[in-house]
Every structure is written in structure tokens, then in C-alpha cells.
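For reference, the structure is listed below as C-alpha cells.
For the single chain, residues carry numbers from 1 onward in sequence order.
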Amino acid sequence: MDEVNEQSSAFGKLLLSHRRAAGLSQAALARLAGVSIRALRDLERGRAQGAKQRSAEVLAAALTLTGTQRELFLAAAKEGRRRVPNLSAAALCALPPRVQSLVGRVRDLARLRAEATAGGVVAVIGPPGVGKTSLAVAAAYELSHRFPDGCFFVDMRGMDDQPLAVRGALDRLLRALGVTPAQIPASEPEQASLLRVLLDSRRVLVLLDNATDEAHVRPLLATGRGCLTLITCRRALGGLEHVRRLWLDPLSRAAAVELLSVTVGSARVEAEPEVAAELVRLCGHLPLAVRIAANRLANRPHWSFAYLVNELRDARLRLSSLSSGDLQVRSAFEISYRRLSAAARVLFRRLAAVPGPDFGIELAEVVSAATEPQVRLHLEELAEANLVQATQTTGRFQFHDLIRIYAAERLEADEQVAARERLTGAVLDHLLGTAIAAGREFFPDARENHQFASKDEAAGWLDLEAGNWQAAQELAMRLGREHEVLELAKAMHWYSDTRFMRHPWDRIFGLGVAAARTLGSRRDLATLLNFLGWARRDRGDDEPVLRTHQEALAVAQEVDDRQEQAWAHAYLGTTLMRLGRSEEAREQALESTRLAEEFGWWSMQAPLRYRLGRVLRATGRCDEALAVLQQLIEDAERHRDGASPESRRWMIGFVVEEIAHTLKELKQWRRAAESYREARTAYTSYAAGDRAHLVATIAFHEGTAWREAGEYPKARECLNLALDALTEQNVSLRREEVLAELERTPSSPGR
């Protein structure tokens, strides 16, 4: 049986392939060519790297090889005899100088070295200006000792108007490997075949820099077991199989500042550390942008960092300012933009009209007016070109800060003023209109809404698009669309109760107040002042909150709005309670419940009676508080048909929690613990809201109540649950509190 091992030479494998194709045994071929069987066996098994010229010629004749096949066969034999490349030809593909200070890429370089250990093909992928070439060249130098047969570099010029043709790249590599121009086949497939033959038994590193796409590099890939092909490309090269990809991101802030100091000197950076940090932030931590900024500062030693930062703060001038000599950030982006399809270019520039930090298919459809399948295709093209980046949320994308500025430039340059105004209007109409509809889903007496199938769906949209609808509200205020700003703020009233720690409600309701003042709507002003005071309640200074609700009450009385008067009295009661003005707090809370009797049970009476119970407990009237709250539970059952099951469960959860707090004040520990558990069950079953915070807080209180009741296993169970639920930032309950309580809680009653 014919044998060929992994050490066989390229010529040996080629010889074996032709012999088998001809249907000849080793003995038959040896007889036809006039060579010994042993010599033939040594060639096929790699014991001899190449045949002498005369032997190769007679073997080619015996195998009836002609034309290109014969030329490739003889070239492989010659290459086997001479393993040292032509040095003058190899200079065509010499590695460029390596960057002396590869700042911030130590971990990336280690990852690339690890990927390269296995050979094959490794692609370094990333957006323009991120430093792909610098990293790949540095890796090639570090790995060069593993490739004694050569390290070759080819700039594919993929982003040029005329990239290097595959034929040109093949010509360079073949000549670097010692093939004379006369021996290079005429056709591209034959050239690629010869390259594979020559590299089959060699240990060679090939760096293909700045590739356009898969077709640009596929014929050039070194497939020999001892070879490594490194590719740098802005595109993901998703069509290439068996490729390991390393995605390169912008630098960290610290690394970007270090890169800055390499050029301008550490003394200047240390003299203005905060300004230096802002400078690299304005550069988007992109290595190319940081290097350009550093070069400008190095060439102008009389400039302060603050001077350049002031220049870069203006987004309209930033890309122009990030230019030094032949280095330009804008040019790097422009090359990628020009290579997009016409439809993808339209989507790219129009996505600049999205006001928030990220976007998905829905907003891409709004700005492009294309169908969903078309939008998906174009977004994939933008992502493939690294002009947008996928976020950690599936189906969401974002711009790098500098690329967003470039997209806005293209929008202004390529679209008429009227078209841009229509685009902005369409985006605001969609975001504000959808947010208002979603917010109204949370009203206790919400009617059927055809835009959302459920409150959960509305909450999901508001959470996902929070950055966009909030930015849309800001933009609408600047564009004079105060009515929508106001309506959005009003629509968020009940939703804010379920996300009270997640969004900047003081800003959202503050814009509503400003819009109401601009419109001269005194009724809306009273409402939004109450909302604003609520949003500012936990800042630690209750005097401004008190004044806000006092103004709300005065405006509500001026326009005879008894509903907002009731809310203002309720908010004043809880604010005065925090200020320690107990009797005034009780009077305000009682007045709020008296006024609430004129209005709906779930929208007014229930929440304001709940607030009365809180005030009574906080002012030491626990028995009165308990009576108010328990009566509230009984009345809720009689009015159960007036609210949705979710709203009812949410409100009852708050009331039961307050009952638990009151029982705790009365030292009725077991009843308190049982009430906390009931409230926790209500919160856990409610799909929306800052659930982790609520569950953690209630479990903590329940655990302390069980500990006081002597039920230590139950106490530890609840405290551990609280610990597990503390997964979000900005919560009032801290892990240290829970751990301290666990330390105080015995494991068993006998401890």
C-alpha cells in the first residue's frame, strides 16, 4: 500500500498525487522513468526533498505531464532542492518596522500568540484606526523564530480605491519563495496552486494586511501544517471557514493615556491628568485618534492639553481636528463608507438621527423606511464593515463615538435639509409616541392599548429603549415640541413607581415642568411639580422638596385642581415626616385622604390612604397606622374589579409591606415576618419593576423579624436570599448590612 506521512515534501506529495491519478504503481513508474523504486519511494515519503532536474524531467515525461502541470511539477522539484528563498525577491514581502511601544495590547498580543500556536489562519478584526496592523506586525516579529522558512508581509491595500489584486499578491509571494518570473504560471488558479505546493511542507508565516473581503485572501491562505496566515481586516470575514478571529476593541482609558504620554512625554500628561483623560475620551480611546492628537501636541509644545480639548469638544470640528500630516481619522472612516452598498450607506448616515446610545431593528426601520428583511441585511453589512458594533444585548447595535460623528457629517452632506427635518420628525414621533403609549399601560385604570399586548411588553420596550426615549425628550424640548415633552412626563407617573431607581426621574419630570411653564399650562404644572418633588425625595435635602410640593399645592389651588391638591398634601405629609415635623405631616396626610374621596379608588384613594398609614407609623401612631392599612386591604377586595390583576397585586404588596413595618415597630415579630413574606410573594410574582431591589430589601426585613421571633433557620434562609438578590447597583440595601445580620443570626436555636 502506498504511504505518505506528514513529513513528506511538497514535491513528494505532488508526485504521489500524479502517480495515483495515472493509475501507476511505484514499480511501474520506476520502470517507465528509469529510476529505482527505492529512489521513488524516498521522494514520496519525504526522505528526499526534491529530485534532480534530469530525474524530475523523466518522471514528468513518464507521468505524461504537459503544460502548466509539468511546469508546477518541475518547480516543486527545484524548490525541494533549494530551501533558501531568493533574498532580493523576499524583500518584496519583508515585514514592516514594528511599533516600538504597543501600548495597551499586552493581553491582545498574548491572545494572538496563543491562537497562532496552532497554525492555520487567524484574522485580527476591528474598526478603522483600532491598531490591527500594529498588533499583527508585533505578533509576526515575536513568532518569527517559529518559521525558519520565512515571514512574509503583503499589504493588500483593501481600503484603497484600487486594492492590490490577488494576482499581484500571488506574484509577490511566489517570487519571495524563489520562483522566477518565467516560472510563474499565467492564470490565477495555477498561481494559487503553485503557492499551496510550495508552502505545503514549509514553515512559513504570511501576514496579509488590510484585506478587503474573503475573496481577496482566499487564494493566498497558507494551508500547510507548519504555516500560519495572519489577516487584518475591518470586516469579519464570515465566509472563511476554519478561521480563528481576534476582535480588537479601542483601548482602555489608562492605556490610551499611556499611549498619549509615549509621544508627548509623561511630564506633560502628569501636569494635566484630568484633561489628558478627557482628551483620550474625546478620541474615543481609538489608537489612531490618540496618536494624531499626540502628534499635534508634540509638534506644538506651547499648546496645553486644555487648548486641544476645547477644540475637540465641538463635535462639528472634532474629526477635522484629529488630523496630523497624512494621518486623518475621517479618511479612515470614509474609506469604509465608500465601500458600502448604496442602501447600507443610506442606513449608516440616517442612523445618526437616532438620539440615544444604541438601536435595534425597529429604529433602523424608522430611519431607513426599508422593510425588516432589508434592514437586517444592511445592518449586517454595517456590522461586517465594523461601522457599527453589536452590543451585549442581542439585536442591538451602537456607533463608536467618532464614527457617530462621521455618520452625522455624511447625513448633513448627503441629505437635503427638508429630508433631514423629516427624518428627525419621524424618529421623535416614533420614540415619543411609543413611550407615551407604553407609560400609560401602567395607569391603574388603563384602557385597552392596541400598541402593546401587555404591561410586560410595554415595560420591556421602555427598558430597552430608555436611552432613546429619554434623549428624544431632551431633543424635543430643544426643538420646541413642548406638548410631547409634557405628555411623556405625565405618562411616566405610574411606570416610575416600578423603576424608581433606574432612570433619571428628576430630569424627566423636570423637563415636564419646564414644558408646562413654557406652554402656560398651570394644571399640568401642578401635576409635574408633584412628580418632580417625588423624584427628588432621596437626595438628603428635603427643604427643596418641601418647597416644590408647596408650589404644586399653590398652583393646584389657583386653578381649583382638587386632585393635584390631594397629591400635593400627600407628598407634603411624607416630606414633613422626613423632616421630623410629625403633627404637620399627619394633618397633611389626613387632608389628602379627605380630598381623595372625590376620585377613583385605585388611582387616588388607595395610594393616598397607604401614604397616611406610612405617616402615622413614622410619627409613632402605630395602632392608628395598622387600623388604616388593614381597612385598606379589606376595601381593596371590594374594589378588586376596578384595576388589573397586576396593578392590584403591586399596590397590595406595598400595603402589606407597610403593615409588616408597623408590626415590626410593635414588636409583633412573627406576624411581621409573615406579612413580609406575603409582600415578597407579591413582588416576586410581579414581572416588571426593580424587582431584585424590592425582593432583597423585603427578604432582609423578613430575616430580621424571624431572627427576633427565634426562627433562626428561616431567618438565615431569608438573609441568604437577600444576599443572592443584591445584583443591581444603586440600591439602598448593601451587602455589608446583610452579611452583618447573618453574622448576628445563630444557625440553630440552641447556639
Would the number of heavy atoms belonging to other residues, nucleotides or ligands and lying under 6.0 Å from CZ of Arg313 be above 12?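 Result for CZ/Arg313: enclosed.
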
Verify the neighbour count for atom CZ of Arg316: are there more than 12 heavy atoms of other residues, nucleotides or ligands below 6.0 Å?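 Result for CZ/Arg316: open.
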
Decide yes or no for [X] and [Y]: does some side-chain heavy atom of the first lie under 4.5 Å from some side-chain heavy atom of the second?
| X | Y | answer |
| --- | --- | --- |
| Glu441 | Gln451 | no |
| Val154 | Leu164 | yes |
| Leu221 | Val206 | no |
| His216 | Cys233 | no |
| Leu288 | Pro128 | no |
| Trp461 | Trp469 | yes |
| Leu259 | Val280 | no |
| Val130 | Asp249 | no |

For Leu177 and Phe152, run side chain to side chain contact (heavy atoms under 4.5 Å, CB included): C-alpha distance rounded to whole Å, both residues' side-chain angles, the deciding distance at 0.1 Å, then the answer. CA-CA 9 Å; Leu177 288 165; Phe152 304 117; 3.6 Å; yes

So, [X] side chain and [Y] main chain: donor-acceptor pair closer than 3.5 Å or not?
| X | Y | value |
| --- | --- | --- |
| Gln191 | Leu170 | no |
| Thr498 | Tyr495 | yes |
| Arg167 | Ala186 | yes |
| Gln473 | Leu432 | no |
| Arg245 | Ala236 | yes |
| Arg244 | Gly119 | yes |
| Asn386 | Arg234 | yes |
| Ser193 | Glu190 | no |
| His430 | Val366 | no |
| Lys132 | Gly126 | yes |

Which heavy atom of [X] sits nearest a heavy atom of [Y], and at what distance?
| X | Y | result |
| --- | --- | --- |
| Glu311 | Ser321 | OE2-OG, 2.8 Å |
| Ser323 | Ile292 | N-CG2, 3.2 Å |
| Gly512 | Ala489 | CA-CB, 3.8 Å |
| Pro127 | Gln389 | CG-NE2, 4.1 Å |
| Leu195 | Pro219 | CD2-O, 4.2 Å |
| Ala435 | Leu488 | CB-CD1, 3.6 Å |

Using salt bridge (charged side-chain N to carboxylate O under 4.0 Å, His left out), reason through Asp171 and Arg175 one step at a time and then give a plain yes or no. CA-CA 6 Å; Asp171 181 82; Arg175 290 169 61 190; 3.3 Å; yes

I'd like to know if Asp429 pairs up with Arg481 as an ion pair, taking the criterion as any Lys NZ or Arg NE/NH1/NH2 lying under 4.0 Å from an Asp or Glu carboxylate oxygen.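 Salt bridge between Asp429 and Arg481, a charged N being under 4.0 Å from a carboxylate O: yes.
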
Short N-O contact, Glu465 and Arg396, less than 4.0 angstrom: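 Answer for the salt bridge query: yes.
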
Audit row: Phe442, Leu462, side chain to side chain contact (heavy atoms under 4.5 Å, CB included) steps and yes/no: CA-CA 11 Å; Phe442 289 80; Leu462 287 168; 4.1 Å; yes

Would you call the rings of Phe348 and Tyr337 parallel, tilted or perpendicular, where under 30° means parallel and over 60° means perpendicular?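 Phe348 vs Tyr337 ring planes: tilted.
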
Considering the options [options], which one meets the side chain to side chain contact (heavy atoms under 4.5 Å, CB included) requirement together with [X]?
| X | options | value |
| --- | --- | --- |
| Asp358 | Thr393, Asn468, Leu464 | Asn468 |
| Ile231 | Ile125, Leu240, Asn210, Val243 | Leu240 |
| Leu208 | Leu230, Val217, Thr232, Asp155 | Val217 |

Mind running side chain to side chain contact (heavy atoms under 4.5 Å, CB included) on Val388 and Phe399 for me, showing each step along the way? CA-CA 5 Å; Val388 299; Phe399 282 121; 3.7 Å; yes

Salt bridge (charged side-chain N to carboxylate O under 4.0 Å, His left out) assessment of Arg281 paired with Asp401: CA-CA 9 Å; Arg281 180 187 64 79; Asp401 289 348; 5.7 Å; no

Run the numbers on Arg376 and Glu380 for salt bridge (charged side-chain N to carboxylate O under 4.0 Å, His left out), then give the verdict. CA-CA 6 Å; Arg376 289 186 182 277; Glu380 182 62 29; over 6 Å; no

In this structure, which one of Glu365, Glu412, Glu415 forms a salt bridge (Lys or Arg N to Asp or Glu O under 4.0 Å) with Arg350?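 With Arg350 as partner, Glu365, Glu412, Glu415 yield a single salt bridge (Lys or Arg N to Asp or Glu O under 4.0 Å), made by Glu415.
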
Measure the spacing between [atom1] of [X] and [atom2] of [Y] and express it to the nearest 0.5 Å.
| X | Y | atom1 | atom2 | value |
| --- | --- | --- | --- | --- |
| Phe333 | Leu387 | CZ | CG | 8.5 Å |
| Arg235 | Thr212 | CZ | OG1 | 9.0 Å |
| Asp149 | Arg203 | CG | CZ | 8.0 Å |
| Glu484 | Leu475 | CD | CG | 10.5 Å |
| Asp209 | Ser134 | CG | OG | 9.0 Å |
| Leu479 | Met477 | CG | CE | 11.0 Å |

Begin with the C-alpha distance, continue with both residues' side-chain angles, and end with the deciding distance and a verdict on salt bridge (charged side-chain N to carboxylate O under 4.0 Å, His left out) for Arg345 and Glu381. CA-CA 10 Å; Arg345 286 198 297 270; Glu381 184 178 349; over 6 Å; no

Do we see a donor-acceptor contact under 3.5 Å between the side chains of Ser320 and Arg330?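 Present: a donor and an acceptor within the cut-off.
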
For Leu363 and Phe397, run side chain to side chain contact (heavy atoms under 4.5 Å, CB included): C-alpha distance rounded to whole Å, both residues' side-chain angles, the deciding distance at 0.1 Å, then the answer. CA-CA 11 Å; Leu363 276 172; Phe397 299 87; over 6 Å; no

